[in-house]
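To start, the structure under review is shown below, and the notes come after it.
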Amino acid sequence: MAEYLFHWWRSGAGHSVRPSVTLEAQSHLHGAALALRQFVDLGCDITVPLAHVDITESNGVKQTLLVEEVLDWLNEPKQAEFLHRESLAGLLRSYAHHSGER
């Protein structure tokens, strides 16, 4: 099990919002993708520049992944089955739509 903590800055809110989820996944990238889906459901804006996921393993080991890194990984052809199985295509569409407006 690992904890996935999302970091972003909510416009106009004046504070950083840091929702977290704990889950078990095949890898940090798999877990971060699944966590991002939950963060989007909570209303987090994954398109904010430098938005990232801090991962803390149960043994205390930490890692940080930028949202862009996770989505680039999801875009790889070898992740198509995982993307489909976990219904994560919406993350890619949402990010592409918003980043194209910038």
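Residue indices begin at 1 and follow the sequence shown.
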On a heavy-atom basis, which atom in [X] and which in [Y] lie closest, and how many Å separate them?
X	Y	value
H7	L5	NE2-CD2, 3.3 Å
V70	A32	CG2-CB, 3.8 Å
Y4	S27	OH-O, 4.0 Å
A51	I46	CB-O, 4.2 Å

Any [X] side-chain heavy atom under 4.5 Å of [Y] side chain:
X	Y	value
W73	H30	yes
E3	I55	no
Q79	L88	no
V21	F6	no

Discussion item. Using only atom types and a distance under 3.5 Å, with no angle test, would you say the side chain of H52 pairs donor to acceptor with the backbone of L50?
Written reply: yes
Quick check for you: to the nearest 0.5 Å, what is the distance between [X] atom [atom1] and [Y] atom [atom2]?
X	Y	atom1	atom2	result
L71	E76	CG	CD	11.5 Å
L91	F39	CG	CZ	11.5 Å
D72	E69	CG	CD	8.0 Å

Fill in: side-chain hydrogen bond (donor to acceptor under 3.5 Å, both in side chains) partners for T22, two or more places apart
none
Worksheet entry | By side-chain hydrogen bond (donor to acceptor under 3.5 Å, both in side chains) - contacts of E68 (at least two apart) | Y95
Worksheet item: Can you list the steps and then say if L83 with L92 is a side chain to side chain contact (heavy atoms under 4.5 Å, CB included)?
Response: CA-CA 10 Å; L83 186 74; L92 298 176; 3.8 Å; yes
Worksheet entry | Single-linkage hydrophobic cluster L66~V40, side-chain heavy atoms < 4.5 angstrom |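 Not linked; separate clusters.
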Would you be so kind as to tabulate the donor-acceptor pairs closer than 3.5 Å made by side chains of residues 56-65, with sequence neighbours excluded?
unit_1: E57; atom_1: OE2; unit_2: H28; atom_2: NE2; d: 2.3
unit_1: N59; atom_1: OD1; unit_2: V61; atom_2: N; d: 3.1
unit_1: Q63; atom_1: OE1; unit_2: H28; atom_2: ND1; d: 2.3
unit_1: T64; atom_1: OG1; unit_2: D54; atom_2: OD1; d: 2.7

